[in-house]
S.K.: 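Let me begin by handing over the structure; questions about it come next.
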Amino acid sequence: VTEGGYFEAYAAYVGGVAGQGADAIEVWNEPNIDREWASGDINPARYTELLRQSYFAIKSANPNTIVASAAPSPTGYYGGCFAHGCDDAPYVQGMYAAGAGNYMDCIGIHYNEGVVAPDATSGDPRGNSTYYTRYFWGMINTYTAVFGRSRPLCFTELGYLTPEGYPPLPGSFGWAANVTVAQQAEWLDQAVSLAANSGRVR
């Protein structure tokens with residue numbers, strides 16, 4: 001994604017989408033992992049440059065289009081922030097340090113690995129059960145701590161995985177094996193209500 005001219009071409013593309021009347025645009029997706037951004041060049045400051053160019057292209061085409069920053073993949077896998085991959089908390093901190101708040105209307109955030117109700121702050125049955133990405137409020141509090149209330153959060157992925165009615169989940173998603181459709185519906189409803197009443201989520 002970092003070869004000469006690519007940022008400019010991407011910015012021109014999203015500007016064109018805004019010009020067609022898009023309500024909101026998330027600029028990229030999960031740029032902290034090598035499935036979505038070139039390994040060896042993962043860097044929140046580099047991403048912020050893409051966000052900057054895209055923001056001005058979008059707003060020039062349609063000032064009413066909401067610009068959401070790319071939500072990082074929620075992860076503690078890397079143990080820090082490196083060119084081959086970066087945990088989401090230090091990545092968001094790096095975006096803030098690079099001035100990303102000047103080029104967005106809201107901060108993109110993903111919460112998609114929960115297996116407990118969104119009002120829970122403990123009780124996740126997996127290893128490392130206290131890690132913030134396991135919990136709805138853990139994610140909101142972590143991202144808010146970086147940007148304060150200078151920008152609201154925008155969920156671009158929010159969900160609970162369930163295998164009910166389908167074949168068994170692949171091993172890498174086995175953590176959701178015991179979530180039912182009824183829980184999925186109840187937790188989504190609760191998450192939307194909590195977000196709406198938080199004062200921190202658009």
S.K.: Side chains of residues 170-178: which donor-acceptor partners sit under 3.5 Å, not counting sequence neighbours?
M.R.:
{"residue": "Trp175", "atom": "NE1", "partner": "Ser172", "partner atom": "O", "Å": "3.2"}

S.K.: Is the number of heavy atoms from other residues, nucleotides or ligands within 6.0 Å of CG (Asp23) greater than 12?
M.R.: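 No.
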S.K.: Looking only at non-hydrogen atoms, find the nearest pair between Pro74 and Met139 and report the distance.
M.R.: CB-CE, 3.9 Å
S.K.: In sequence, state the C-alpha distance, the side-chain angles, and the governing distance for Val116 and Phe136, and then conclude on side chain to side chain contact (heavy atoms under 4.5 Å, CB included).
M.R.: CA-CA 9 Å; Val116 294; Phe136 178 80; over 6 Å; no
S.K.: Trp28 versus Leu51: any side-chain heavy-atom pair under 4.5 Å?
M.R.: no
S.K.: Give a yes or no on this: more than 12 heavy atoms of other residues, nucleotides or ligands lie within 6.0 Å of atom CZ of Phe155.
M.R.: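 Result for CZ/Phe155: enclosed.
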S.K.: For Val67, is there any backbone N or O sitting under 3.5 Å from a side-chain donor or acceptor partner on Asp105?
M.R.: yes
S.K.: For Arg126 and Glu113, work out which heavy atoms get closest and say how close.
M.R.: NH2-O, 2.7 Å
S.K.: Quick check: do Gln184 and Glu164 have side-chain heavy atoms less than 4.5 Å from each other?
M.R.: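 The answer is no; the side chains never approach within 4.5 Å.
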S.K.: Say you draw a straight line from CG of Leu50 to CZ of Phe7; how long is it, rounded to the nearest 0.5 Å?
M.R.: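 Separation between the atoms: 5.0 Å.
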S.K.: Side chains of Glu30 and Thr156: closer than 4.5 Å at any heavy-atom pair?
M.R.: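 Answer no - side chains too far apart.
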S.K.: If the threshold is 4.0 Å, N to carboxylate O, is there a salt bridge linking Arg52 and Glu49?
M.R.: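 Judged by the 4.0 Å cut-off on N to carboxylate O distance, Arg52 and Glu49 do form a salt bridge.
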S.K.: Under the disulfide bond (SG atoms under 2.5 Å apart) rule, what pairs show up with a residue in residues 96-181, not counting sequence neighbours?
M.R.: Cys106-Cys154
S.K.: Check for me, please, whether Val201 and Ile25 land in the same ILVMFWY cluster - side-chain distances under 4.5 Å, paths through other members count.
M.R.: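 Result: yes, single cluster for both.
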S.K.: Side chains of Tyr91 and Ser73: does their closest heavy-atom pair fall under 4.5 Å?
M.R.: no
S.K.: Run the side-chain hydrogen bond (donor to acceptor under 3.5 Å, both in side chains) test against Asn43 and tell me which residues pass, sequence neighbours left out.
M.R.: none
S.K.: Is any side-chain heavy atom of Trp137 closer than 4.5 Å to a side-chain heavy atom of Leu194?
M.R.: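 Trp137 vs Leu194: side chains touch.
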S.K.: Are any non-hydrogen side-chain atoms of Ser54 and Tyr10 less than 4.5 angstrom apart?
M.R.: yes
S.K.: Check for me, please, whether Tyr131 and Ile140 land in the same ILVMFWY cluster - side-chain distances under 4.5 Å, paths through other members count.
M.R.: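 Tyr131 clusters together with Ile140.
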S.K.: Over all heavy atoms of both residues, which pair between Pro31 and Ala71 is shortest? Give the atoms and the distance, please.
M.R.: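 Here Pro31 and Ala71 meet closest at CD-O, 4.1 Å.
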S.K.: Check the pair Leu161 / Val179 against side chain to side chain contact (heavy atoms under 4.5 Å, CB included), numbers first and verdict last.
M.R.: CA-CA 7 Å; Leu161 180 61; Val179 177; over 6 Å; no
S.K.: Answer yes or no: is there a side-chain heavy-atom contact under 4.5 Å between Val115 and Asp124?
M.R.: yes
S.K.: State yes or no: are the ring centers of Tyr160 and Tyr111 separated by less than 6.0 Å?
M.R.: yes
S.K.: Hydrophobic clusters here meaning ILVMFWY residues chained together by side-chain heavy-atom distances under 4.5 Å, can you tell me if Trp37 and Tyr13 are in one?
M.R.: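 Yes, Trp37 connects to Tyr13 through the hydrophobic network.
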S.K.: Does a donor on one side chain and an acceptor on the other come within less than 3.5 Å for Asn29 and Arg35?
M.R.: no
S.K.: What pairs of residues pass the ring pair (Phe, Tyr, Trp, His ring centres under 6.0 Å) test when at least one of them lies in residues 54-77, not counting sequence neighbours?
M.R.: Phe56-Tyr103
S.K.: Please examine the side chains of Thr162 and Gln183, heavy atoms only from C-beta on, and report whether any two atoms are closer than 4.5 Å.
M.R.: no
S.K.: Quick one: list whatever passes side-chain hydrogen bond (donor to acceptor under 3.5 Å, both in side chains) with Asp88, sequence neighbours left out.
M.R.: Tyr132, Tyr143
S.K.: Considering residues at least two apart in sequence or located in another chain, which fulfil the salt bridge (Lys or Arg N to Asp or Glu O under 4.0 Å) criterion with Arg202?
M.R.: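 Scan of Arg202 (salt bridge (Lys or Arg N to Asp or Glu O under 4.0 Å), adjacent residues dropped) gives none.
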